Amino acid sequence: MSSILPNSNNGDAQGVGSGVAGPAPTFSPLYQQIKALIMQRLEAGEWKPGELIPSEVELGGRFKVSQGTVRKAIDELAAENLVVRRQGKGTFVATHHETQAQFRFLRLMADSDEPQRPENKIIEVKRVRASAEVARQLDVKSGDSVIFIRRVKYFNGTPIILEEIWLPGVIFKGLTAERLVEYKGPLYGLFESEFGTRMIRAEERIRAVGADPESAEILGVPPNTPLLSVERASFTYGDKPVEMRRGLYLTTNHHYQSELS
């Protein structure tokens with residue numbers, strides 16, 4: 001992003017439309033600078049998930065740019081699922097509690113049109129010391145406290161996904177097995193509302209594997225049944241990694257779907 005972007009609320013417009021002199025910036029289109037300013041405000045929590053953000057006209061006045069420039073910035077934020085436009089109501093900060101967002105990071109789809117009823121069964125939740133690999137993925141020190149979650153996701157009563165999840169212990173203090181069992185919404189919704197951590201993007205690596213005996217027993221399939229192994233790193237604002245996840249997906253009656261554009 002451009003080096004002229006300010007970091008304080010009082011300086012939102014400085015260096016964008018005011019022509020204030022300063023060090024020669026790295027070139028960045030104006031709408032990208034406005035996008036970065038809005039991202040700063042989202043990261044700072046000025047507008048909470050689910051809240052209405054100022055209109056394009058108001059933001060244009062705040063940043064001393066045209067409404068069209070703001071619109072282009074918001075177009076990109078909407079395409080990245082960071083904000084949601086609602087006809088006649090305005091633009092809102094996206095939240096994982098919205099129905100359409102709950103499966104944003106879950107790309108496993110049923111082969112049939114039968115409605116899918118998801119349920120989660122928690123196998124274990126415990127605090128452990130980060131291994132070298134987990135520490136690298138979460139950008140913490142080896143041996144730091146992390147929370148480990150093992151759970152099974154069911155669809156219509158059938159076990160389909162076996163997951164292992166690692167979370168930074170400092171961020172997710174107070175997360176317990178009891179809380180996860182009683183919570184019925186999307187896991188990322190819980191992270192967002194109770195721990196102030198919103199997942200905004202993820203990277204995945206996918207490969208085919210055979211079910212080991214323990215995984216086969218949990219998923220109710222014979223050993224060596226073909227599964228999809230999905231390794232995910234999830235990030236919050238500032239490209240900070242806040243989750244490492246490994247999942248084994250049973251694809252007998254499901255498929256992994258990804259939209260490319």
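One-based numbering along the sequence shown. None of these values were measured; they are calculated from a predicted model.
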Could you go through residues 142-152 and list every donor-acceptor pair under 3.5 Å that involves a side-chain atom there, pairing it with any protein atom two or more places apart or in another chain?
residue	atom	partner	partner atom	Å
D144	OD2	K141	N	3.0
S145	OG	R127	NH1	2.7
R150	NE	E164	OE2	3.2
R150	NH1	E214	OE2	3.0
R151	NE	E163	OE1	2.8
R151	NH2	E163	OE1	3.0

Practice task
Answer with yes or no whether the hydrophobic clustering places V181 together with I165; edges join I, L, V, M, F, W, Y residues whose side-chain heavy atoms lie under 4.5 Å apart.
Solution key: yes

Problem - Ionic contact status for R117 with E119, cut-off 4.0 Å - result: yes

Fill in the blank from the handout: Contacts of Y31 meeting side chain to side chain donor-acceptor pair (under 3.5 Å) (sequence neighbours excluded), chain-then-number -> E76

Problem - Member of K240, E204, M199 meeting the side-chain contact (heavy atoms from CB on, under 4.5 Å) criterion with S234 - result: M199

Fill in the blank from the handout: Which of I160, I161, T158 passes side-chain contact (heavy atoms from CB on, under 4.5 Å) with H254? Answer is I160

Practice task
Describe, in one word, how the ring planes of F195 and F191 are oriented to each other, choosing from parallel (under 30°), tilted (30 to 60°) and perpendicular (over 60°).
Solution key: perpendicular

Practice task
Consider only side-chain heavy atoms of I, L, V, M, F, W and Y, link residues closer than 4.5 Å, and tell whether L187 and W166 are in one cluster.
Solution key: no

Completion exercise
CG of L219 to CG of L227, rounded to nearest 0.5 Å, is 6.0 Å

Exercise for the section: Report the residues that fulfil ring pair (Phe, Tyr, Trp, His ring centres under 6.0 Å) with Y154, sequence neighbours left out, ordered by chain and then residue number. Expected result: none

Exercise for the section: Determine, step by step, whether Q137 and E243 satisfy the side chain to side chain contact (heavy atoms under 4.5 Å, CB included) criterion, reporting the C-alpha distance in whole Å, the side-chain angles of both residues, the deciding distance to 0.1 Å, and the verdict. Expected result: CA-CA 8 Å; Q137 291 281 356; E243 180 199 48; over 6 Å; no

Problem - Side-chain H-bond candidate by donor/acceptor type, T95 with E192, under 3.5 Å - result: yes

Practice task
Share the residues that join V57 in a hydrophobic cluster, the rule being Ile, Leu, Val, Met, Phe, Trp or Tyr side chains under 4.5 Å apart at the heavy-atom level.
Solution key: none

Handout entry: Any pair counted as ring pair (Phe, Tyr, Trp, His ring centres under 6.0 Å), so long as it reaches residues 209-231, sequence neighbours left out
Key = none

Practice task
Verify the cluster assignment for M244 and F235: are they in a single hydrophobic cluster under the rule of side-chain heavy atoms below 4.5 Å apart?
Solution key: no

Acceptor/donor pairs from residues 49-56 side chains to any protein atom, 3.5 angstrom cut, sequence neighbours excluded:
residue	atom	partner	partner atom	Å
E51	OE1	K48	N	3.0
S55	OG	E58	N	3.1
S55	OG	E58	OE1	3.3
E56	OE1	Q67	NE2	3.4
E56	OE1	R71	NE	3.2
E56	OE1	R71	NH2	3.3
E56	OE2	R85	NH2	3.1

